[in-house]
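Working notes, structure below.
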Amino acid sequence: MNILEGLNPAQAEAVTTTTGPVLILAGAGSGKTKTLTHRIANLIANEGVWPNRILAVTFTNKAAREMRHRLASLVEADASHRDFMPWMGTFHGICVRLLRIDGHTIGVGRNFVIYDEDDRQALVKQAMKQLSISDRDIKPSQISSAISNAKNKLQTPDDLKGEARYPFQQHLATIYDRYESMRRDAGALDFDDLLLEAVRMLQSSPELAKKWRDHFEHILIDEYQDTNAAQYQLVKILVNQSKNICVVGDDWQSIYSWRGADFTNILNFERDFPGCHVVKLEQNYRSTGNILEAAHNVIQKNDQRSDKKLWTSAGDGSPVTVHGIYDENEEARLVAERISSQVAIGARKYDDFAVLYRTNAQSYTLERLFLQLHIPYQLVGGVRFYDRKEIKDIIAYLRLIYQPNDRMSFSRIANVPTRGIGATSMEKFFDWQSNQGLDIITALEQIAMAGIISGKARQSMGSLAAILRRLQSMAETEAPANIIEAIINDTGYRHYIDDGTPQADERAENLGSLINEAQAYASLDDFLEEVALMSSADTTSDGQKVTLMTLHAAKGLEFPVVFIVGMEEGIIPHSRVFDSPAELEEERRLCYVGMTRAREELHLSYTHSRMQFGQRSYNPTSRFISDMGEGVVSTGPTHLGGFAPQNLPDDELFYSDEPGFDIGDQVRSSMFGDGEIVDIDGLAVTVRFSSGQSKKLNTQFAHLQKL
DNA sequence: TCATTTAACGTTTTT
DNA sequence: CGTTAAATGA
């Protein structure tokens with residue numbers, strides 16, 4: 001049996017300890033996916049566990065897909081039952097499956113649609129309108145994320161109402177409540193509901209909980225450090241008497257606390273499952289010694305962390321390089337030239353490189369230059385394929401056919417392509433529809449006869465109803481790809497996007513790709529689910545291209561050469577975390593994750609100045625740079641020819657931390673009038689002006705005059 | 001009702 | 001700076 005071959009002793013121990021709780025503390029690059037895959041293979045091939053009785057949770061769909069492939073090739077040798085695969089997927093995906101099977105017990109219909117971030121925010125907006133709460137004082141986006149937070153902590157509107165102490169919280173609870181009833185009426189679940197409702201379902205019925213507890217003999221969870229309260233609760237419910245639960249994770253790589261993830265879940269695993277078997281994977285197979293050492297030195301500065309020391313037998317390798325650059329354009333140029341020259345001499349291929357950054361906005365400069373220099377690149381994240389307008393429109397049609405109560409989707413497509421159904425007609429329609437208690441398609445059919453709505457709109461609604469009804473019956477027999485084609489043709493959408501602009505072709509192409517994607521799915525619910533749960537990390541890498549992505553998106557990946565750009569205070573660590581020690585530690589972990597993606601070369605850069613918010617800003621070098629230690633770091637070129645800083649006046653080249661102001665100084669600004677300095681933070685001063693408002697200003701730009 | 005213009009606004013990270 | 005949402009006029 002080759003399943004145990006090629007594993008080191010710690011990995012083998014993790015694979016062969018098949019009963020009872022197991023905690024695998026796996027450092028970066030220690031072969032954790034391999035261990036997990038082999039563990040599953042071993043359970044199936046050597047322990048005789050029925051694959052269907054195994055639940056394996058991964059962080060992304062891509063990870064699940066990869067694991068499935070590796071598992072297939074491992075087990076294939078003696079596994080005749082290829083169709084039988086373990087339950088594999090993300091928490092969200094698993095919950096969808098559970099809810100489709102048993103959701104009806106708590107009133108969740110089988111054909112629910114899944115709302116994404118945009119849908120949720122749009123619905124919040126509608127809820128606020130209904131409650132006549134102005135979106136000037138309270139931002140829908142703020143409410144939307146607050147609702148998400150509440151759901152991740154399993155809090156209901158009533159829970160919030162109970163502890164509401166400020167007007168905002170009361171409003172929040174009210175809007176949340178209305179949002180929930182509107183969402184239910186639409187037959188929809190949002191992202192967080194998938195977890196929340198699955199937990200609620202299992203908690204509501206002891207028999208149901210027992211059914212699934214008995215079903216899953218083995219549970220494995222990857223990236224356990226990034227589980228949130230709802231996911232944790234789900235795990236606790238599903239683990240049965242024999243406690244065959246195996247979690248893998250690394251608290252040093254926990255970077256999703258802003259999404260409700262709680263890495264103390266992994267630190268407390270031993271407490272939750274007493275007597276658990278702990279395996280530490282500390283041998284790193286990915287990076288060279290210098291990279292590992294520098295990354296280690298950065299993470300050491302955190303207080304909230306477990307103790308471990310990764311090691312490698314790979315040798316020191318080249319030192320980590322640090323480049324101080326003039327501005328973000330020069331930074332992009334440095335990266336581009338490094339890549340081009342290495343590819344030109346045949347030392348590397350384009351897909352050996354990854355450029356990592358903290359915020360998506362930073363990709364812009366890189367993209368522009370890469371396009372100019374004809375460097376092929378692939379952007380992970382950013383504007384997702386499924387976020388494009390034309391794609392979302394078609395998806396909305398599909399959703400409406402699938403779930404004819406989905407108002408959100410109907411609102412989106414009612415007048416797309418334009419058919420003369422305006423805001424007033426829509427309002428009348430919704431009023432009438434909810435009074436009659438009909439689903440949207442039926443209501444459309446009947447409103448034409450009711451004489452509520454006049455002229456053109458009335459006629460349009462009638463013909464739209466006919467089209468939708470026909471598509472709906474089609475959906476019972478036809479594959480998703482055919483339905484999409486029918487939508488594009490029958491609704492006049494194809495003609496609608498062909499508006500003569502240069503983007504018309506691109507849109508048509510996108511629709512073609514959508515049909516292609518859909519070919520892979522046999523049923524509408526599978527396709528809609530896949531679309532809804534698709535993540536940016538799930539974009540398949542294709543061909544010889546440099547990869548551009550955020551540090552977050554890089555989790556779990558590796559590249560021979562990694563650039564991390566924007567190593568500046570305010571970017572990494574991000575300025576929004578400065579007053580929170582816990583969040584600062586997360587930034588440090590994020591930096592650690594980025595650094596440990598590199599196999600052979602790691603290049604870091606920071607700039608003297610950078611355009612942010614359309615303003616030039618001057619950020620000090622990131623504190624993480626000085627934490628890396630001197631032995632492993634070599635300082636690279638600090639500028640490139642042509643745009644060298646020495647061409648510039650001295651006073652723009654260097655700045656001191658002393659802005660020449662003190663707290664309490666009276667100053668005059670040409671923009672805001674007179675005021676008093678109330679706070680100083682490096683080059684930024686906060687001024688309270690006589691008008692009453694406070695402003696944070698950069699002393700280099702504001703031209704404040706001392707009085 | 002729709003298209004064009006104008007204003008505001010936002011940038012952390014995403015299943 | 002660049003994008004999207006509201007406002008305005010036709």
Side-chain angles (χ1 to χ4, degrees), chain A residues 57-64 89-96 114-118 120-122 125 135-136 139-142 144-145 148 151-152 189-196 223 226-228 230-231 254-261 328 356-365 368 380-384 386-387 389 415-426 454-457 460 499 529-538 549-555 566 570-578 580 583 586-587 589-591 593-594 610-617:
Chain A
V57 183
T58 58
F59 194 68
T60 62
N61 293 306
K62 190 184 176 191
T90 61
F91 270 109
H92 296 265
I94 301 286
C95 286
V96 169
I114 301 168
Y115 277 2
D116 67 14
E117 206 71 31
D118 291 342
R120 172 200 277 145
Q121 199 164 313
K125 218 168 173 180
D135 58 4
R136 237 193 286 283
K139 290 195 213 101
S141 61
Q142 214 178 341
S144 172
S145 72
S148 177
K151 287 190 172 183
N152 280 328
L189 299 182
D190 66 31
F191 269 145
D192 305 307
D193 286 325
L194 299 177
L195 306 171
L196 189 75
E223 308 283 10
D226 282 321
T227 49
N228 66 26
Q231 292 163 342
S254 164
I255 53 175
Y256 283 99
S257 74
W258 48 272
R259 210 171 73 191
E328 76 276 13
L356 310 181
Y357 36 80
R358 178 66 235 271
T359 67
N360 276 310
Q362 287 172 262
S363 74
Y364 181 76
T365 320
R368 198 175 45 184
V380 177
V383 184
R384 282 154 62 223
Y386 288 102
D387 282 343
K389 286 165 235 59
N415 205 27
V416 178
T418 43
R419 44 173 79 91
I421 302 176
T424 40
S425 312
M426 286 292 278
S454 55
K456 196 179 169 193
S460 296
D499 58 357
E529 178 190 328
E530 188 71 15
V531 169
L533 298 182
M534 174 87 62
S535 77
S536 60
D538 292 332
M549 62 184 157
T550 63
L551 288 162
H552 282 88
K555 182 165 122 163
I571 298 182
I572 327 175
H574 198 270
S575 52
R576 272 180 61 154
V577 310
F578 281 162
S580 157
E583 288 182 82
E586 178 144 320
E587 294 289 304
R589 292 194 292 270
L590 190 56
C591 183
V593 167
R610 173 183 300 277
M611 276 305 235
Q612 279 178 298
F613 300 91
Q615 265 208 332
R616 193 144 286 281
S617 60

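Below, chain A is the first sequence line, B the second, and so on; all start at residue 1. Heavy-atom basis, side chains included; hydrogens, waters and symmetry copies ignored. No experiment lies behind these values; they were computed from the predicted model shown.
- Within 4.0 Å (heavy atoms only), A:K555 reaches no atom of the nucleic acid at all.
- Note: CD (A:E117) to P (B:dT11) measures 12 Å, nearest angstrom.
- Computed from coordinates, the A:L551 CG to B:dT13 P distance equals 11 Å when rounded to whole Å.
- Taking every heavy atom of both residues into account, A:A230 and A:L195 meet most closely at CB-CB, 4.0 Å.
- Between A:F191 and A:L533, some side-chain heavy-atom pair lies under the 4.5 Å cut-off.
- Using a 4.0 Å heavy-atom distance criterion, A:S425 is classed as a sugar-phosphate-only contact.
- Between A:N415 and B:dC2, a side-chain N or O to OP1/OP2 separation shorter than 4.0 Å is present.
- In this structure, the CG atom of A:D192 is 16 Å from the P atom of B:dT14, given to the nearest Å.
- Residue A:G93 is classed as having no contact, given no heavy-atom separation below 4.0 Å to the nucleic acid.
- Each of B:dT15, B:dT14, B:dT11 was ranked by its minimum atom distance to the side chain of A:T90; first place goes to B:dT15.
- Nucleotide B:dT14 holds its C1' atom 9 Å from the NE2 atom of A:H92, rounded to whole Å.
- As a whole-Å value, the separation of A:D116 CG from B:dT15 P is 11 Å.
- Within 4.0 Å of A:T418, counting heavy atoms only, lie sugar-phosphate atoms of the nucleic acid but no base atom.
- Between the side chains of A:S617 and A:Q612, at least one donor N or O lies within less than 3.5 Å of an accepting N or O.
- Of the listed residues (A:D190, A:N228, A:D192), just one forms a side chain to side chain donor-acceptor pair (under 3.5 Å) with A:K151, and that residue is A:D190.
- Between A:V57 and A:T227 the shortest side-chain heavy-atom distance does not fall below 4.5 Å.
- Contact annotation: A:T550 reaches the phosphate of B:dT14 (side-chain N/O to OP1 or OP2, under 4.0 Å).
- Straight-line distance from the CZ atom of A:R589 to the P atom of B:dT13: 18 Å, rounded to whole Å.
- Between the CG atom of A:L590 and the P atom of B:dT13 there is a distance of 11 Å, rounded to whole Å.
- Here the P atom of nucleotide B:dT14 and the CG atom of A:N360 are 6 Å apart, to the nearest Å.
- Within the 4.5 Å cutoff, no side-chain heavy atoms of A:M426 are placed close to those of A:N415.
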Footprint string (nucleotides 1-10 of chain C, 5' to 3'): B base within contact, S backbone only, - free, heavy atoms under 4.0 Å: SS---S----
